[in-house]
Amino acid sequence: MSQVRVRFAPSPTGALHIGGVRTALFNYLFARKNNGINILRIEDTDQTRFVPGAENYIIESLKWLGITFDEGVHIGGEYGPYRQSDRKPMYRQYVEQLVASGHAYYAFDTPEELEEMRQRLKDSGMSPQYDATSRMSMKNSLTLSADEVKLKLDAGVPYVIRIKLPRKEEVRFNDLIRGWVSFNTAQLDDKVLMKNDGMPTYHMANIVDDHFMKITHVIRGEEWLSSAPLHVMLYKYLGWEDTMPQFAHLPLILKPEGNGKLSKRDGDRLGFPVFPLEWKDPNTGEISSGYRETGYEPEAVINFLALLGWHPSDNQELFSIEELINAFSLERISKNGAKFDIDKAKWFNHQYLMKRTDEDIAKELLPIFNNKGISTDLSYLTKVVSLTKEKVTFWKEIADIAEYFFKTPTQFDTKVVEKKWKGSIPENLLKFVTRLQNISDFNAQQIESIFHSFAEENEINAGSLMQPLRLAVSGQAGGPPLFEMLELLGKDNVINRIKWACDNLSASSQS
RNA sequence: GGCCCGUUCGUCUAGGGGUUAGGACAUCAGAUUUUCAUUCUGGCAACACGAGUUCGAUUCUCGUACGGGCUACCA
């Protein structure tokens, strides 16, 4: 069997959608699993939709996620170029070959004439399409004489080239995910193969490119299923039927609630990113959030996406990329669309966050603290991370919840103050301070045992004093284990903070 | 509207002619951490509907309903 070659072929019309990321991932997994070649091809046949920066965005996104390629627009390869606009001169001869063999024809209809035709057909209850029936009443090389056609061509009248589909013919192909799928050309229309600007449409370009790039498997979204029979016909008419790639149409990623496929609008409306990286639309200036900037781990995004539509034979949930490659197969991709569930993505993220080393996270956090005007060193920050990371979903959140490790709190959780800061509490804490002063080795164990003996001696309920203590030191009601936190803060800090709190917080009514 | 694809807990899904229909997220309860979050244990929770085939259908077939995709000189 020939070498597996697959391609991910996005169009640079904006940010890369999360559904596109999953398509890229499945292509990548399939290629790696089969020792194949993964190719990145840019499908920019529509010049009017070109968005500057989009191509680079796509490349950066895939790089961040760890989806690698063996050939592509960014790295070259022996089947290049890998950008369709750069391949423009290659397509014409195959379109003309189709015209010559009677499988395509020139069409000179104006947009107005097309619109009129569609309206007419619609009014008479027929499918409004340019097909075997309607083409005979349009302006094309099938209805015009050869002289007339030549005249128009010579005069530079704009034209497109359309495929000539048979009136009624069954087209079937075996989809790797769905099994045999069949269509009838009676329902298909004579799609444009070459536009009047001389560029091929997606349909034409993707067949020519896949053929010459020796693509063996086309793995793409289900939105392409309907045009697959057209592609099959093109392979046939071009005489490339025996090397036609196999098709696998992936189920779509749907909105979490309501209906329809997930769109870029849903993300910010529902409060989660739909793009891998933050994206600023160069035309509108609108900014959409990204997984990277939100603080997601790329491995978590990969793991989450892999399980959206694909499932291993056992119940494993957490997969390294190697495990994913190893377990992956097209047969285990489900047929039905999957609703997007951000809660599960967050759960995955927490799992992967816990796997990272504290120091690694601290390194990433350091500049953020610096920007907040907090200067600290890596070793202290690493310890802060070890105490706080299990409380957050994203590494970035640590910067928000851990400020008190660096600054004496001056803001206190008022609810907790009201509830816990009362009666003789401040007095007792001050007394406890004198005990703390005598600790020579200020570690969690020591502090804890001194705390307990202090409570016992003074007949204080230990629990009722712990929360005020935490409050005095951190300003908050929750946090990491109290005594470990105190240890990290250090003796002087702790003592000063307790004193500050006792001086500045007024106790509520006696109890 | 037409064509194509699909339908197992709220969500992602496993399974498959005879099962207590399994797991994960979410949710709820208990434990532990004298807090919050984690973690652990347990609970709630599903085969869209109707026919047919069969001794037996959630599983196979056909319909219905519902959902999705496509229906551009967009990809």
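Here is how names work: the chains are called A, B, and so on, in the same order as the sequence lines, proteins then strands, and each is numbered from 1. No experiment lies behind these values; they were computed from the predicted model shown.
- In this structure, Asn184(A) contributes its side chain and Gln187(A) its backbone to no donor-acceptor pair below 3.5 Å.
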Report all interatomic pairs (protein N or O, nucleotide N or O of nucleotides 26-29 of chain B) with separations under 3.5 Å.
none

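- Between the side chains of Tyr159(A) and Asn196(A), no donor-acceptor pair of N or O atoms lies under 3.5 Å.
- Put simply, Arg172(A) has no side-chain N or O that comes within less than 4.0 Å of OP1 or OP2 on rC4(B).
- For Gln351(A), a side-chain nitrogen or oxygen approaches OP1 or OP2 of rU39(B) to under 4.0 Å.
- Below the 3.5 angstrom threshold, one finds a donor paired with an acceptor across the side chain of Arg49(A) and the base of rC74(B).
- Taking only side-chain nitrogens and oxygens, Lys339(A) never comes nearer than 4.0 Å to OP1 or OP2 of rC25(B).
- The aromatic rings of Phe348(A) and Tyr352(A) sit tilted relative to each other, their planes meeting at an angle between 30° and 60°.
- Pair assignment for rG42(B) gives rC28(B), based on Watson-Crick or G-U wobble hydrogen-bonding distances that are each under 3.5 Å.
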Atom pairs under 3.5 Å: protein N/O with N/O of nucleotides 59-64 of chain B:
none

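- You won't find any donor-acceptor pair under 3.5 Å spanning the side chain of Lys335(A) and the base of rC5(B), going by distance alone.
- Across all strands shown, rG6(B) is found opposite rC66(B) as a Watson-Crick or G-U wobble partner, with both distances under 3.5 Å.
- Contact between the side-chain N/O atoms of Thr201(A) and the OP1/OP2 oxygens of rC73(B) is not found at any separation under 4.0 Å.
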Would you tabulate the side-chain donor-acceptor contacts of residues 329-338 of chain A under 3.5 Å, counting partners in other chains and residues two or more places apart, or write 'none'?
| unit_1 | atom_1 | unit_2 | atom_2 | d |
| --- | --- | --- | --- | --- |
| Arg332(A) | NE | His311(A) | O | 2.8 |
| Arg332(A) | NH2 | Pro312(A) | O | 3.1 |
| Ser334(A) | OG | Gly309(A) | O | 3.1 |

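- Here the options are His350(A), Glu397(A), Met354(A), the test is side-chain contact (heavy atoms from CB on, under 4.5 Å), and the partner is Lys389(A); only Met354(A) passes.
- Between Tyr94(A) and Phe212(A), the ring-plane angle classifies as tilted under the 30° and 60° cut-offs.
- rU19(B) sits 13 Å from rC47(B) when the C1' atoms are compared, rounded to a whole Å.
- Close to rG68(B), at under 4.0 Å from its OP1 or OP2, lies no side-chain N or O of Lys255(A).
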